[in-house]
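First comes the structure, then the notes that go with it.
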Amino acid sequence: MSTPAGTTGDGAFPDRFDDLRLSRVAVGEVFLRVRDGGSGPPLLLLHGYPETHLAWGLVAGELARTFTVVAPDLRGYGDSSKPAAVPGHESYGKRAMAEDCIALMRALGFDAFDVVGHDRGGRVAYRMALDHPEVVRRLTVLDVVPTGEVWARADARFALGYWHWAFLAQPSPIPERLIAQDPDFFLFDAEFGGAIRGFPPAAVADYARCARDPATVRAMCEDYRAGATCDRRWDNEDRAAGRRITCPTQVLWAGRGALEAWYDTLAIWREWADDVTGRAIDCGHFMVEERPRETLAAVRDFHAGDRSPTGPTGSARPPTVDHRVT
């Protein structure tokens, strides 16, 4: 049985999004708030900072026409669990987040699946593909290059443009106490030029509600502390060992964003993955909200490569399995 969790739509999303089931699912030491449904091959959607799974509200319902869509709040975000911090920040590393997602998909009956990740979710997605190549069939990353590459290439442009990377990674409780004075201003005005305020009202309300919880702010800071420490270390170790992403990989990025201005994005990803395609989309960082139709079409076309609901390991969704919280 499923239990209601979090907010419902207010008409800002297509009706099909609200038709997806909303629940909390136990995965090891944490619970994840999850929205899922549809039919067809499994497709895991992973949101970024400072959002929740509602970031997918404009496209998830449409994707559910041809895929079984699963969209969780990452650990630390939204209404998912906020584990305790540890000295090395591994409890918010992308390896732990990836393992949450694998456990979630297995609980829902899928041993192998496709993954789409935006921002921090993209970092979880490519870490999953590196650590567990047997479970990721196709990978899409939206507006990211690998974490190790970001830190290795950090310069004055990065320090001014992506200043929140260094700020959020400062030792506790420095950023937590400063953000707590006015979390709405910090997340919606000081960052991203206020762009988030123009997104669907149901999503903005969800982000604001969650950001007013000090545990969410602490978790987001831990996410970035992990990025500056264990996540970066794991990337560097993989490069040194010659590990690569072996599944087909799609890279989409914001044509009016930092990646377009600072990097040769496809060239960087081709150093990490064997089969890379992609392009820029004419928008800012929040691609799904700013260009939902174009982003949807690109993602849907790429992941339509395998229409079977059974993955290469023979994983199909058993109709009688239900691991939701009762």
Shortest non-hydrogen pair, Thr295 vs Met287, comes out as OG1-O, 3.3 Å
Cys247/Arg137 under side-chain contact (heavy atoms from CB on, under 4.5 Å): CA gap, chis, key distance, verdict
CA-CA 6 Å; Cys247 66; Arg137 301 187 303 188; over 6 Å; no
Mind checking the CD1-CG spacing from Ile245 to Asp274? Nearest 0.5 Å is all I need.
9.0 Å
Could you tell me if Thr140 and His303 have a donor-acceptor pair between their side chains, going purely by distance under 3.5 Å?
yes
How far apart are the closest heavy atoms of Phe13 and Ala202, and which atoms are they?
CE1-CB, 3.8 Å
Same apolar cluster (I L V M F W Y, side chains within < 4.5 Å links), Phe185/Val217:
no
Taking atom CZ of Arg35 and atom CG of Asp19, what is their separation to the nearest 0.5 Å?
10.0 Å
Nearest 0.5 Å, what's the CZ-CE distance between Phe113 and Met105?
5.0 Å
How about Tyr49 and His164: are their ring centroids closer than 6.0 Å?
yes
Within 45 degrees of the ring normal and closer than 6.0 Å to the centroid, is that where the cationic atom of Arg225 sits relative to Tyr92?
no
Closest non-hydrogen atoms of Ala60 and Leu45, given as atom of the first, atom of the second and distance, are CB-CD1, 4.1 Å
Between Phe158 and Trp151 (judged by ring centroids, cut-off 6.0 Å), do the two rings come close enough to count as a pair?
yes
Within 45° of the ring axis of Trp272 and under 6.0 Å from its six-membered ring centre, is that where the NZ or CZ of Arg239 lies?
yes
Derivation and outcome, side-chain hydrogen bond (donor to acceptor under 3.5 Å, both in side chains), residues Asp206 and Thr52:
CA-CA 8 Å; Asp206 198 54; Thr52 70; 2.8 Å; yes
Are Leu178 and Leu168 connected in the hydrophobic side-chain network, where two residues link if heavy atoms are under 4.5 Å apart?
yes
By side-chain contact (heavy atoms from CB on, under 4.5 Å) - contacts of Glu290 (at least two apart):
Phe199, Cys283, Phe286
With a distance cut-off below 6.0 Å to the six-membered ring centre and an angular limit of 45° from the axis, does Arg95 pair with Trp234 as a cation-pi contact?
yes
Report the distance from atom NE2 of His118 to atom CG of Leu142, rounding to the nearest 0.5 Å.
6.0 Å
Could you report the tightest heavy-atom contact between Leu46 and Cys101, atom names first, then the distance?
CD2-SG, 3.7 Å
In one Ile/Leu/Val/Met/Phe/Trp/Tyr side-chain cluster, 4.5 Å: Tyr126, Leu266:
yes
Is the NZ or CZ atom of Arg120 positioned over Trp165's six-membered ring, under 6.0 angstrom from the centre and within 45° of the axis?
yes
For His53 and Ala71, work out which heavy atoms get closest and say how close.
CB-O, 3.4 Å
According to side chain to side chain donor-acceptor pair (under 3.5 Å), does anything in residues 177-190 pair up with another residue at least two apart or in another chain? List the pairs.
Asp184-Arg212, Asp189-Arg197
Between Ser80 and Arg75, is there a side-chain donor-acceptor contact under 3.5 Å, judged purely by atom types and distance?
no
Counterpart residues, salt bridge (charged side-chain N to carboxylate O under 4.0 Å, His left out), relative to Glu294 (two or more places apart):
Arg279
His285 and Phe192 aromatic ring geometry - parallel, tilted or perpendicular at 30°/60° bounds:
parallel
salt_bridge(Asp235, Arg243) N-O dist < 4.0 Å
no
